[in-house]
Amino acid sequence: MEARLNVFAGPLAGKLLRHINSAGKVVGDSTLPAATQELVKIRASQINGCGFCLDMHTKDAAKAGETSLRLNLVAAWREAKVFTDAERAALELTEQGTRLADGGGVSDEVWANAARHYDEEQLTALVGLIAVINTYNRLNVITQQPAGDYEPGMFG
């Protein structure tokens, strides 16, 4: 598979990615648990069919110590007993926040559940993370970025 556009070359591409990366770093440096952040990135990327991001975030999560069992069960998190209640709340918010076009938006129940597990700063980080990963997913899917070559840490 060849990418339609080299999003890593050119001054405009570089500027755009620097800004998106900056937003991602703000979220990454927050108090939202790192494991939760990777689970959210993986789930949104599964929903959006972004192989590039799935390749990256499953490898990054594994390098950070995430188990293959949990990584393999992200898509079926509702049926899996390996996620905490807080992680489940984040995954549910991720699904509803990613599937906005389905017309339901984010329900008050899902928001309240997330708010039971995360403080205001963490909720802000969670919402920001869902927005950032969806941005990356769309960029990669539209331009057909190939998956499989990512090595943890290769982007800094």
Side-chain angles (χ1 to χ4, degrees), residues 1 3 7-8 17 20-21 23-102 104-156:
M1 176 182 213
V7 296
F8 302 107
L17 289 177
I20 300 169
N21 288 342
K25 179 157 178 28
V26 169
V27 172
D29 291 344
S30 74
T31 61
L32 185 65
T36 301
Q37 291 187 39
E38 289 302 328
L39 294 173
V40 164
K41 293 174 195 174
I42 291 165
R43 186 64 191 125
S45 299
Q46 289 171 334
I47 292 166
N48 291 322
C50 184
F52 187 90
C53 288
L54 282 168
D55 182 36
M56 176 186 293
H57 297 297
T58 55
K59 288 175 179 175
D60 284 347
K63 184 173 182 188
E66 190 59 78
T67 67
S68 59
L69 175 64
R70 283 170 42 97
L71 291 174
N72 291 333
L73 290 174
V74 172
W77 64 267
R78 283 180 177 80
E79 295 82 22
K81 298 188 287 185
V82 297
F83 301 105
T84 67
D85 288 342
E87 289 168 337
R88 292 172 164 298
L91 289 166
E92 190 167 31
L93 184 63
T94 300
E95 286 188 0
Q96 287 195 1
T98 298
R99 292 185 164 134
L100 295 175
D102 293 350
V106 174
S107 73
D108 290 340
E109 179 184 340
V110 166
W111 181 262
N113 189 32
R116 279 193 285 278
H117 298 283
Y118 300 101
D119 63 28
E120 191 167 309
E121 181 179 319
Q122 291 171 322
L123 283 170
T124 301
L126 186 55
V127 170
L129 178 60
I130 293 165
V132 169
I133 193 60
N134 272 279
T135 299
Y136 273 120
N137 289 166
R138 280 148 178 75
L139 189 146
N140 290 323
V141 170
I142 291 167
T143 61
Q144 294 184 342
Q145 295 302 310
D149 294 332
Y150 178 76
E151 295 293 330
M154 71 185 275
F155 293 128

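- Closest non-hydrogen pair, Thr98 versus Arg138, comes out as O-NH2, 4.0 Å.
- Annotation for Asn113 and Ala89: closest pair ND2-CB, 3.6 Å, computed over non-hydrogen atoms.
- With Tyr150 contributing its side chain and Phe52 its backbone, the two residues share no donor-acceptor pair below 3.5 Å.
- Nearest approach of Tyr118 to Ala86, heavy atoms of both residues: OH-O, 2.7 Å.
- Using modelled atom types, one side-chain atom of Gln37 and one backbone atom of Leu32 make a donor-acceptor pair closer than 3.5 Å.
- Side-chain contact between Asn137 and Ile47 is absent, with no heavy atoms from C-beta onward closer than 4.5 Å.
- From Leu39, atom CG reaches atom CG of Leu91 across 5.5 Å, with rounding to the nearest 0.5 Å.
- In terms of heavy-atom proximity, Leu100 sits nearest to Gly105 at CD2-CA, 4.0 Å.
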Evaluate the criterion side chain to side chain contact (heavy atoms under 4.5 Å, CB included) for residue pair Lys59 and Met154; output intermediate values, then yes/no.
-> CA-CA 11 Å; Lys59 288 175 179 175; Met154 71 185 275; over 6 Å; no
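- Here the CG-CE distance, from Asn140 to Met56, works out to 7.5 Å after rounding to the nearest 0.5 Å.
- Atom CD of residue Glu151 and atom CG of residue Asp60 lie 10.5 Å apart, to the nearest 0.5 angstrom.
- One finds the CG atom of Leu73 at 8.5 Å from the OG1 atom of Thr67 (value rounded to the nearest 0.5 Å).
- Contact detail for Ala35 and Glu87: the closest heavy-atom pair is CB-OE2, 4.5 Å.
- Proximity of a side-chain donor or acceptor of Asp55 to a complementary backbone N or O of Gly51 within less than 3.5 Å is not detected.
- Put simply, the side chain of Asp102 never gets that close to the backbone of Gly104: no donor and acceptor are under 3.5 Å apart.
- Within the 3.5 Å criterion, the main-chain N or O of Asp119 finds a donor-acceptor partner in the side chain of Gln122.
- The 12-atom threshold is exceeded at CG of Asp29, counting heavy atoms of other residues, nucleotides or ligands nearer than 6.0 Å.
- Atom CG in Leu17 sits 6.0 Å away from atom CG in Leu139 (nearest 0.5 Å).
- The two residues Ile133 and Ala44 come nearest to each other via the heavy atoms CG2-CB, 3.6 Å.
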Assess whether side chain to side chain contact (heavy atoms under 4.5 Å, CB included) is satisfied between Phe83 and Val74, documenting all intermediate values.
-> CA-CA 9 Å; Phe83 301 105; Val74 172; 4.2 Å; yes
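- Here the rule is side-chain contact (heavy atoms from CB on, under 4.5 Å) with Glu38, and of His57, Glu66, Arg70 only His57 fits it.
- Looking at Arg88, its side chain does come within 3.5 Å of a backbone N or O of Trp77 through a donor-acceptor pair.
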Start with the C-alpha gap between Val40 and Leu93, add the side-chain angles, then the distance that decides, and say whether side chain to side chain contact (heavy atoms under 4.5 Å, CB included) holds.
-> CA-CA 9 Å; Val40 164; Leu93 184 63; over 6 Å; no
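- Rounding to the nearest 0.5 angstrom, the gap separating the OG1 atom in Thr135 from the CD1 atom in Ile130 is 12.0 Å.
- Side-chain atoms of Gln96 come within 3.5 Å of backbone atoms of Ser107 as a donor-acceptor pair (strictly under, hydrogens ignored).
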Could you give me the CA-CA distance, side-chain angles and deciding distance for Arg116 and Asp85, then say whether side chain to side chain contact (heavy atoms under 4.5 Å, CB included) is met?
-> CA-CA 10 Å; Arg116 279 193 285 278; Asp85 288 342; over 6 Å; no
